[in-house]
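One structure is given below, encoded as structure tokens.
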Amino acid sequence: MEVDWNHIEVKWQRRWAECRVFEADPIPRDKRTGKKEKGLLITFPYPYLNGRLHLGHAFTCLKADIYARVKRMQGFNVLFPFAFHATGEPIVGVAERIRKGDKDQIKILVKGGIPESEVEKFKDPRYIVEYYRREAIEDVTRIGFSIDWRRQFTTIDPPYNRFIEWQYLRLRELGYVSLGTHPVIWCPNCESPTGDHDRLVGEGVSYVEFILLKFELNGAFLMAATLRPETVFGVTNIWVNPDATYVRVKCNNEFWIVSEDAVSKLRAQRKQVEVFESFKGGSLIGKLCKNVVLGNKVPILPAFFVDPSNASGIVMSVPSHAPYDWAAIKELKSNPALLEKYNVSTNMLEELKPISLIKTDGLGEHPAVEAVDSVGVTSQLDQRLEELTKEIYKKEFHKGVLKENTGKYSGMPVRSVKRVLIDDLIAENKASVMYECADTVICRCNTKCIVKILENQWFLRYSDPEWKEKVYRLLRTMMILPEEARSAFESTIEWLEDKACVRKTGLGTRLPWDPEWIVETLSDSTIYMAFYTLAKYLNAFNVDASKLTPEVFNYVFLGKGNLEEVASKSGLSEELLEAMKDEFEYWYPVELRVSAKELIFNHLTFFLFHHVAIWPEDKWPRKIGVNGMIRVEGEKMSKSKGNFITMREALSKYGADVTRIGLAYAAEGLNDPDWRDKEVQGLKKRLEALYELVVNIPPTKPLDREIDRWLRSRLHRRIKAATENYESLKTRSAIQECLFNLWNDLRWYMRRTSSYGDILRETVRTMVLLLAPVVPHLCEELWEKMGEKNLIATEKWPEYDEKYFDEVVEGKEALLENLVNDIREIVSVTGRKPKRILLFVAPRWKYRVLEEAIRGKEGLIKRVMQIPEVKAYSKEAVKYTEKLMKELPPVFLTQEEEIDALRSASLFIGREFDTEVEVLLAEESMHEKAKVAEPLKPGIYIE
RNA sequence: GCGGGGGUGGCCGAGCCAGGUCAAAGGCGCCAGACUCAAGAUCUGGUCCCUCAGGGGUUCGGGGGUUCAAAUCCCCUCCCCCGCACCA
């Protein structure tokens, strides 16, 4: 049947709005009596407004909406608010690019469906926010999310800024915010950290810590950069690039020699650097310098693999363990002309002997020498050296142990010596540290990035062990859906270190005590769920942001301060303050927050940190739901792949309910939902069939036969399962239960009987109720068609009663189902058309044996043989008993029950096979099939 | 590399945490039959292999082990997804 989806959706969305069903207010204090009078606050992370909402947003938000709708029907007062995130750089970036007339940016916008006339206005970031906010509201409404819109806001609204100011003042008071100094990847041109998304080249690249080891030459130190400081014990020489420019500088009261390129980097890393002279690397070659760690002298030699733009541009040579070094030595040996050019005697080279200092199982005395020689590398610029280096380093790092020639470090595993050694060397002033990008990073502005140590930045002290302990405590009491995600939270809490919470650019709230900083986006979205409780009043009364002083928030959120005083100081009325305070206390804590799994590692965990910091335990969140990442036709959804689906597109193509069920059925738990058009179309057909089913319910009458009780039993089990699934966000399983499985039950029922009991109508009715959270528009329509007057959105959720669970009746039906299948199999195997079917019910004694077997396997044969009526069949009885020892039937019926089930179903079975059925007792027959009859497995003979 | 989650039949996905009733729910797809003038929808059956009496055989990324018994427990290995921070 054709369903006019659009008509239905518009009709009910209008009705919901008229009735204000989703606008939730606290129940007046004096009427609150129990649990259900306490509000449930359900939240979805506000989306960032740099584009339209897409299927990924819809998926996550739908999980929350379905939960909200179920809880609402269960009689809870549910608040499901929505807001918008605008803090940060990207929106400003778009505006800036438009202002500059960036063609690509314009193209992106137009392709994203922005009318040409609007593009011009996108110069203003606030306009962008406003534009996408309007669009988002339309989409969210059209998909039927049950939002209380009175509470919406954006994170750049002045009242919100006041709120964040309060939050950070509070955190600072509590000692959770402090100044810190940390290295970052930095663009010298933009003068700001270069995040992944800001990079032209080098996505995912982080920095590495080089150790600069000192090699003394004429009162200055050549600073050799290494990632393997432990190999200082095996240095045979120093490498410099003869063509590169080096400088002698004064750095923190010492003279250093480094590459020219290193100077600005060292300066960015808090080093005072004064350049005295510069010269080519070639002028150093052939000289001897002193290894400060060991005290011996080693020569300086030329090498072309040395990159002056990497770290200090000076490398120490450890030919035993470093393939590059050995390759370079080999090459020099074979190139006397080069040596001559720099006046290096061949003797000097002859004296270079690899020094082994690490012993590793599976590797020889000089791993690098062996590796290089065996693959036949002859040039230091050979590509294969990179691979060999990695291979050897990996093995040595994990399994290597330092040899005797490493002094006090002898015997230590490489893995654990590193940190100790570095700390020692630095303490002894024999080494220094220099950070460098692990690989080339180029900023969007086309500038090569360096590592800068940022000073005096504000940090959230997530590393604080006491803070962490509190979060662990919260986590233990929280429900994590699904449970598998819990360990990710645990390891995140453990792994988390101090995090910069401010930036210099972008939209956002300025730090109240240090206004040159703006609170960064992941740091201003941690406790804002509390803001929804106030936003209703701020919006309704258009409250002036300047009145929202820290005292106001202290009073409302923490109950601190004196009402009169706060009122007079802020200029807000006492009534309003009281109302806001009550509203907050009514809705808080957060009942459920749903987000995608990639956010466990920051946003969701920060959410926990900030709550435990600011509020006492009774305001800590209760549940977190985590879900997978949307895919489209099996592929990751992305703009570049061209398979990006906005909510708008999906809604136009499929309509709200079909989109909803498509998403809700696509996945649950941590699994990634896969949006497949065919699958969604299948679900659409199914919904249309449901419509037809409901509209054409056949007449029913009050009947209470076994088959009616069977359907009731199934129905109640389905209600139980569906409810539990919904409550744990398992929307797929819930739909499975109440749409597919219940439908199959119904089919069986209609096949078994042609006169329908009222239970049929009740089942259909319940089905509609159970599906209402997923496909609310359709269900409202069906509800009305069934003659109901109330909105299904606030209708009472079906409750199950275990007293209707009927094992015997279900057992009987299972017996029949198996029996029909068996008969069918026989018919198909024999290819015979049945003229008559004889069914033999097993003899009584077999039921006695089965009964005993159910009691336990212990001494079963003995026990069984003590029963006289069994003993009479001892030989067969032993056989049957042994069979039962291996495997018991899944249900148990008495002989009477089985006879009854078969007799009353004989017409049905006959109908299925278009023949006659006779039910006989094995006791009274000599037929061969009478002998094989067992309880729950009647003998079958087909004539 | 490190941390987290996964790999099941043509596809999607349950099941594994508490081993047996698992050849493995359900959906999609496909095949056959019923209904229909016909199509669609719906209903019934089939969809790893073999089998003319309800049976048997080989499957749950790959390899090994524990057990009377493993998709389910243990070890090793390969592959996929998410995150690794100053970014929404």
Side-chain angles (χ1 to χ4, degrees), chain A residues 1-2 45 47-48 50 85 87-91 182 184-185 192-198 204 206 390 394 397-398 454 457 459-460 462 482-492 494-503 506 520-523 525 596-603 626 628-629 631 634 636 665-674 676 678-683 685-686 688-689 692-693 732-733 735-737 739-741 743-744 747 750-751 818-819 821-832 886-891 912 928-929 932 937-942:
Chain A
M1 183 183 281
E2 275 298 307
Y48 186 64
N50 65 338
H85 199 196
T87 309
E89 316 258 347
I91 291 173
H182 289 248
V184 293
I185 305 262
S192 75
T194 312
D196 255 352
H197 57 287
D198 289 327
S206 64
K390 273 187 190 152
K394 198 170 150 186
F397 182 80
H398 288 106
L454 264 188
Q457 214 189 173
F459 280 77
L460 282 162
Y462 289 137
E483 192 51 39
E484 294 96 273
R486 185 180 296 274
S487 51
F489 280 97
E490 283 164 357
S491 41
T492 304
E494 192 188 326
W495 159 90
L496 219 49
E497 286 171 29
D498 291 356
K499 160 127 185 28
C501 60
V502 290
R503 283 188 69 103
E520 165 279 335
T521 123
L522 282 169
S523 305
S525 53
K597 64 183 175 190
E598 91 244 47
L599 295 187
I600 294 173
F601 307 97
N602 45 47
H603 164 257
V626 182
M629 317 265 294
R631 301 173 76 86
K636 206 162 156 172
Y665 192 69
E668 62 193 21
L670 292 172
N671 294 333
D672 293 335
D674 191 0
R676 286 179 188 262
K678 264 199 166 169
E679 200 90 3
V680 179
Q681 297 294 359
L683 288 162
K685 278 188 208 160
R686 183 62 74 133
E688 284 164 354
E692 179 136 6
L693 175 72
R732 185 184 166 98
S733 299
I735 292 168
Q736 181 85 259
E737 287 295 337
L739 185 59
F740 297 114
N741 292 350
W743 197 306
N744 288 343
R747 280 216 291 251
M750 292 166 88
R751 192 169 151 197
N818 290 336
L819 183 60
N821 284 338
D822 280 348
I823 297 173
R824 199 181 306 284
E825 188 169 347
I826 297 167
V827 170
S828 92
V829 165
T830 58
R832 205 184 290 170
K886 279 193 204 140
E887 175 180 347
L888 289 174
V891 286
E912 290 284 306
E928 50 160 337
K929 291 295 171 186
V932 299
K937 203 164 170 49
I940 302 166
Y941 184 74
I942 297 175

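Chain identifiers are assigned alphabetically (A, B, ...) following the order of the sequence lines, protein sequences preceding nucleic acid strands; residue numbering begins at 1 within each chain.
If you check every strand for non-hydrogen atoms under 4.0 Å, Glu497(A) touches a base. Using a 4.0 Å heavy-atom distance criterion, Leu683(A) is classed as making no nucleic acid contact. Within the 4.0 angstrom heavy-atom criterion, base atoms lie near Pro938(A).
Annotation: C60(B) and A24(B) have their P atoms spaced 15 Å apart (nearest Å). With both ends at atom P, the span from C11(B) to G65(B) equals 29 Å, rounded to whole Å. One P atom belongs to C76(B), the other to C2(B), and the distance between them is 13 Å to the nearest Å.
Side-chain to base pairing of Asp822(A) with A53(B): no donor and acceptor N or O lie closer than 3.5 Å to each other. For A14(B), its base never sits under 3.5 Å from the side chain of Gln736(A) at any donor and acceptor pair.
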Run the side-chain hydrogen bond (donor to acceptor under 3.5 Å, both in side chains) test on Ser523(A) and Glu520(A) for me, step by step, so that the C-alpha distance in whole Å, both residues' side-chain angles and the decisive distance to 0.1 Å come before the verdict. CA-CA 5 Å; Ser523(A) 305; Glu520(A) 165 279 335; 2.6 Å; yes
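Summary of the strand contacts: Phe601(A) and Gln457(A) both lie near RNA chain B, and taking for each the nucleotide with the nearest heavy atom, the more 5' one is attributed to Phe601(A). Position along RNA chain B of the nearest nucleotide to Tyr48(A) versus Gly682(A) favours Gly682(A) as the more 5'-ward residue.
Listed pair Ser487(A) / G5(B) meets the phosphate criterion, a side-chain N or O lying under 4.0 Å from OP1 or OP2.
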